[in-house]
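Data first, discussion second: the structure below is written as structure tokens.
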Amino acid sequence: MIKSKLVSLRPIELSDDIVLQQLINNPLISENVVGWTFPVSLFSQKSWIQSNANNLSYRLVVVDNATNEAIGITGLWDIDWHNQSALSAIKLLPAYKGKGIGTEVVMLTMAWAFYNVGLRRLHSTILDFNGPSLGLYIKKCGWRVEGRQYEAIFRKGEWHDLYSVAILKREFDALSAASEFINTVCPVDTTPNIDINFQDYI
Ligand SMILES: CC(C)(COP(=O)(O)OP(=O)(O)OC[C@H]1O[C@@H](n2cnc3c(N)ncnc32)[C@H](O)[C@@H]1OP(=O)(O)O)[C@@H](O)C(=O)NCCC(=O)NCCS
């Protein structure tokens, strides 16, 4: 369990079926994200949770600390161990938008990915009309726009551009709030402080 002030991040449980179904079927969420799917039944959602053993992706449920309710999802997708990079993404239930929760989740996810998992680059894509997501990743969390895929995504009968965004570990380290989130994810003091003369024990 990764816990900060507003939220905790934890693995998916079988009991998360309803919230995961809401996160995939609610058009206020699905219209803002890149993937597309037919509506997902509760039966399919339950089966997906049970068969979700793909170790190149690792999803985390976002929990509201105030209520202990599951309110979203984040994590790492398509982990490339050789190049130490992964795709990261976030979805929150609409009632939780605009309260700074997204910023806390992205900062926590970066600290976890860079200081616990061992990655050095995170990337994602954002639709050209998704102001809250661009504001969150670019303005609040230090990500850069690396490119623009023209007319790549079909939404509301029209074609939309897709921004490719990314951040490197060293860019995360330069953020003023980084150390707070690193200490939250890795709470053990790893400065060597051992009162033993090793020569006596060789
Ligand atoms: C995107 C999402 C995670 C943002 O979460 P959130 O908790 O609202 O984010 P935060 O409040 O921490 O930060 C968003 C920032 O973007 C800013 N913002 C909002 N709309 C904006 C716009 N149109 N243009 C620029 N910035 C904008 C906000 O003002 C806020 O900055 P501030 O704290 O300085 O005011 C959430 O809206 C969501 O889950 N949306 C649906 C799924 C989705 O779009 N996922 C991302 C796919 S790439």
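Model, not experiment: these values are computed from the prediction. As a basis for the values below, the full set of heavy atoms in this structure was taken, side chains included, without hydrogen atoms, waters or symmetry mates.
- Using a distance-only test at 3.5 Å, with no hydrogens or angles considered, a donor-acceptor pair links the side chain of Asp80 to the main chain of His82.
- Side-chain contact between Asp64 and Asn68 is absent, with no heavy-atom pair separated by less than 4.5 Å.
- Closest approach of Ala70 to Leu93, counting heavy atoms only: O-CD1, 4.1 Å.
- Under the 4.5 Å side-chain criterion, counting only non-hydrogen atoms from C-beta, Phe129 is in contact with His160.
- By the 30° and 60° cut-offs, the orientation of the rings of Phe154 relative to Trp159 is tilted.
- Put simply, the side chain of Asp17 never gets that close to the backbone of Gln45: no donor and acceptor are under 3.5 Å apart.
- Tyr163 has its side chain within reach of Asp128: a pair of non-hydrogen atoms, C-beta onward, lies under 4.5 Å apart.
- Ile153 is not listed as a side-chain neighbour of Trp36, based on a closest heavy-atom distance of 4.5 Å or more.
- Taking CD1 of Ile73 as the start and CG of Leu92 as the end, the distance is 11.0 Å to the nearest 0.5 Å.
- Heavy atoms only, all atoms of each residue included: Asn83 and Arg120 are closest at O-CG, 4.4 Å.
- Annotation: the span from Asn65 atom CG to Ser4 atom OG amounts to 6.5 Å, rounded to 0.5 Å.
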For this session: Verify side chain to side chain contact (heavy atoms under 4.5 Å, CB included) between Val145 and Arg148, making sure each step is shown before the conclusion.
Result: CA-CA 8 Å; Val145 175; Arg148 184 169 183 169; 5.8 Å; no
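- In summary, the aromatic rings of Phe114 and Trp112 are positioned with their centroids too far apart to meet the 6.0 Å limit.
- Using a distance-only test at 3.5 Å, with no hydrogens or angles considered, a donor-acceptor pair links the side chain of Asn32 to the main chain of Leu28.
- Of the possible donor and acceptor atoms, one in the side chain of Thr74 sits under 3.5 Å from a partner among the backbone N and O of Ala89.
- To the nearest 0.5 Å, atom CD1 of residue Ile138 and atom CD1 of residue Ile126 are 5.5 Å apart.
- A donor-acceptor contact closer than 3.5 angstrom links the side chains of Ser41 and Ser44.
- Not one N or O on the side chain of Thr103 forms a donor-acceptor pair closer than 3.5 Å with the backbone of Lys140.
- Within a 6.0 Å sphere centred on CG of Asn193, other residues, nucleotides and ligands contribute 12 heavy atoms or fewer.
- Closest of all the heavy-atom pairs between Leu175 and Gly142 is CD2-CA, 4.0 Å.
- For the pair Asp78/Leu56, no side-chain contact is recorded, criterion being any heavy-atom separation below 4.5 Å from C-beta on.
- In this structure, the side chain of Ser133 does not engage the main chain of Asn130 through any donor-acceptor pair within 3.5 Å.
- Using a 4.5 Å heavy-atom threshold, the side chains of Val40 and Trp48 count as separate.
- With salt bridges taken as basic N to acidic carboxylate O contacts below 4.0 Å, none links Asp16 and Lys46.
- Once rounded to the nearest 0.5 Å, the distance linking CG of Leu23 with CD1 of Ile18 reads 12.0 Å.
- Cluster annotation: Leu122 is not connected to Leu162 through the hydrophobic network of ILVMFWY side chains, with a link wherever side-chain heavy atoms come within less than 4.5 Å.
- Under a 3.5 Å cut-off, the side chain of Arg155 and the backbone N or O of Glu31 do form a donor-acceptor pair.
- Hydrophobic clustering (ILVMFWY, side-chain heavy atoms < 4.5 Å, transitive): Ile12 and Val105 are in one cluster.
- Here the side chain of Ser124 pairs a donor or acceptor atom with the backbone of Ser88 at under 3.5 angstrom.
- With hydrogens and angles left out, the side-chain atoms of Ser164 and Gln149 include a donor and acceptor closer than 3.5 Å.
- When the shell of 6.0 Å around CD1 of Ile194 is examined, it contains 12 or fewer heavy atoms from other residues, nucleotides or ligands.
- Taking hydrophobic clusters as Ile, Leu, Val, Met, Phe, Trp and Tyr residues chained together by side-chain heavy-atom distances below 4.5 Å, Leu168 does not share a cluster with Met110.
- Leu108 and Val117 fall within the same hydrophobic cluster, defined by Ile, Leu, Val, Met, Phe, Trp and Tyr side-chain heavy atoms under 4.5 Å apart, directly or through other members.
- A salt bridge links Arg121 with Glu146: at least one charged nitrogen is closer than 4.0 Å to a carboxylate oxygen.
- The number of heavy atoms from other shown groups lying within 6.0 Å of CZ (Arg144) is above 12.
- With sequence neighbours left out, Tyr96 forms a side chain to side chain donor-acceptor pair (under 3.5 Å) with no residue at all.
- Between Lys3 and Thr184, the closest side-chain pair of non-hydrogen atoms is not below 4.5 Å.
- Between the Ser8 side chain and the Val63 main chain, no donor and acceptor come within less than 3.5 Å of each other.
- Remark: Leu42 CG is packed, more than 12 non-hydrogen atoms of other residues, nucleotides or ligands lying under 6.0 Å away.
- Rounding to the nearest 0.5 angstrom, the gap separating the CG atom in Leu20 from the NZ atom in Lys91 is 8.5 Å.
- Glu104 contributes a side-chain N or O that, together with a main-chain N or O of Leu6, makes up a donor-acceptor pair within less than 3.5 Å.
- Side chains of Ser85 and Leu119 form no contact here, defined as non-hydrogen atoms less than 4.5 Å apart.
- Rounded to the nearest 0.5 angstrom, Trp143 CH2 and Phe172 CZ are separated by 11.5 Å.
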